[in-house]
Amino acid sequence: MSVHYTNIDRSHVFAEKTLRDTAFGNGEMKDKAKKSTYRISVPANFSFRHTVESHGWYDLAPFRYDPQKSELAYTFRPANGSPEAVRIKEAKGALSLTVFGEAARTEVIAAVKHIMRLDEPLDEFYSLISQTPGLDWAANANAGRLLRSSTVYEDLVKSLCTTNCSWALTKKMVTNLVELLGEPSADGSRAFPTASAMAARPESFYRDEIRAGYRSSYFAEMADSIASGRVDPEKWLDADMPTPELKKEIKKVKGVGDYAAENLLKLLGRYDGLALDSWLRSGFYKKHNRERKCPDRKIERHYSKFGKWRGLAIWCDMTESWFDEK
DNA sequence: GCGTCCAGGTCTACC
DNA sequence: GGTAGACCTGGACGC
């Protein structure tokens with residue numbers, strides 16, 4: 001997911017000032033909001049840091065991440081209510097959640113489980129890679145859970161924002177969407193805009209305000225189809241169809257091609273596709289092909305031995321250096 | 001400061 | 001099925 005990945009600048013991981021300025025919204029508003037804390041257990045093979053920093057999503061609004069405190073904040077929208085901010089922190093083999101708002105406990109926990117992928121079984125993947133030099137690190141570190149948003153719709157829009165542009169532009173487009181269309185929570189931070197809020201804006205808004213360029217018509221069309229119910233991305237999560245068929249379904253959304261569809265499929269828990277983009281390709285050339293370009297077919301052959309896990313295998317293979325001890 | 005070039009993924013038209 | 005060109009932005013570069 002170059003998504004995450006295109007031209008990613010990981011120096012921001014330590015951009016403490018920026019994080020502190022924006023981490024948890026308006027302090028005064030936060031003080032007035034109802035505060036609840038919960039604790040949820042995590043699987044034995046779960047790593048907070050490797051999940052949060054698995055790809056660039058933590059750097060996109062409405063996520064806020066403070067690596068110094070190992071704290072991830074996210075503003076989401078409960079099914080029937082106003083947006084609420086939740087802080088997620090590791091706490092001795094569990095996760096500690098602090099919520100500012102009135103959301104039901106079950107709803108908060110369900111959202112965090114979805115975001116952090118706590119119910120995703122990775123034992124088979126770890127067993128497969130643990131004997132593979134160069135990939136065994138991921139099994140040892142419990143890496144491989146790819147952070148996702150609270151809804152498939154949000155991940156779909158973000159995926160579109162990663163296509164054909166630098167990471168800086170991706171961040172800008174997502175930030176603009178949240179700041180200009182997202183509804184504020186009690187702590188002042190904003191949730192990702194609803195499809196209805198997006199559908200209410202004309203194409204010119206996306207071109208002039210969001211700075212989405214030629215993607216503007218895609219945003220407008222996508223939002224309209226989702227708001228009207230013609231497309232329901234949440235159904236893709238439990239779709240009872242083979243991955244190639246689901247990929248075709250996803251690609252019906254204008255603006256979503258092979259890369260974006262396969263990237264979204266990874267966030268749905270299907271790793272059959274590699275989601276190749278320029279960043280992954282250049283990483284492969286450097287690591288496995290003596291820095292020389294090669295056809296995608298060669299990359300696909302290289303990872304074919306990982307079967308249905310190949311998309312996760314290439315991602316772990318290319319991101320190992322992100323977690324080198326600093 | 002201005003103009004030019006380039007990278008990035010998808011769509012459309014064409015072969 | 002494969003390929004070329006257009007789409008748009010922002011960064012890099014030269015002047």
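Below, read A as the first sequence line, B as the second, and so on, with proteins coming before strands; counting in each chain starts at 1. The figures that follow rest on heavy atoms only: side chains count, while hydrogens, waters and symmetry mates do not.
A donor and an acceptor atom, one from each side chain of A:His302 and A:Asn289, are nowhere located under 3.5 Å apart.
When the local axes at the two ends of the helix from B:dG1-C:dC15 to B:dC15-C:dG1 are compared, using 5 base pairs at each end, they differ in direction by 30° after rounding to 10°.
Taking only side-chain nitrogens and oxygens, A:Ser278 comes nearer than 4.0 Å to OP1 or OP2 of B:dG9. Residue A:Lys254 places at least one side-chain N or O closer than 4.0 Å to OP1 or OP2 of B:dT12.
For the pair A:Trp315 (side chain) and A:Ser54 (backbone), a donor-acceptor distance under 3.5 Å is present.
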- Item | Nucleotide-resolved protein contact map, nucleotides 4-9 of chain C, B/S/- at heavy-atom distance under 4.0 Å | ---BSS
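With sequence neighbours excluded, the residues forming a salt bridge (Lys or Arg N to Asp or Glu O under 4.0 Å) with A:Lys247 are A:Asp258, A:Glu262, listed by chain and number.
One can place CG of A:Asp258 at 13 Å from C1' of C:dG2, the figure rounded to the nearest angstrom. Atom pair A:Phe219:CZ and B:dT10:C1' shows a separation of 13 Å (rounding to whole Å applied). Across the protein-nucleic acid pair, A:Trp167 atom CH2 and C:dG11 atom C1' stand 17 Å apart, rounded to whole Å. Atom CD in A:Glu221 sits about 16 Å away from atom P in B:dT10, given to the nearest Å.
In this structure, A:Lys287 pairs ionically with A:Glu320, as a charged nitrogen and a carboxylate oxygen lie closer than 4.0 Å.
Other residues, nucleotides and ligands place no more than 12 heavy atoms under 6.0 Å from the CZ atom of A:Arg297.
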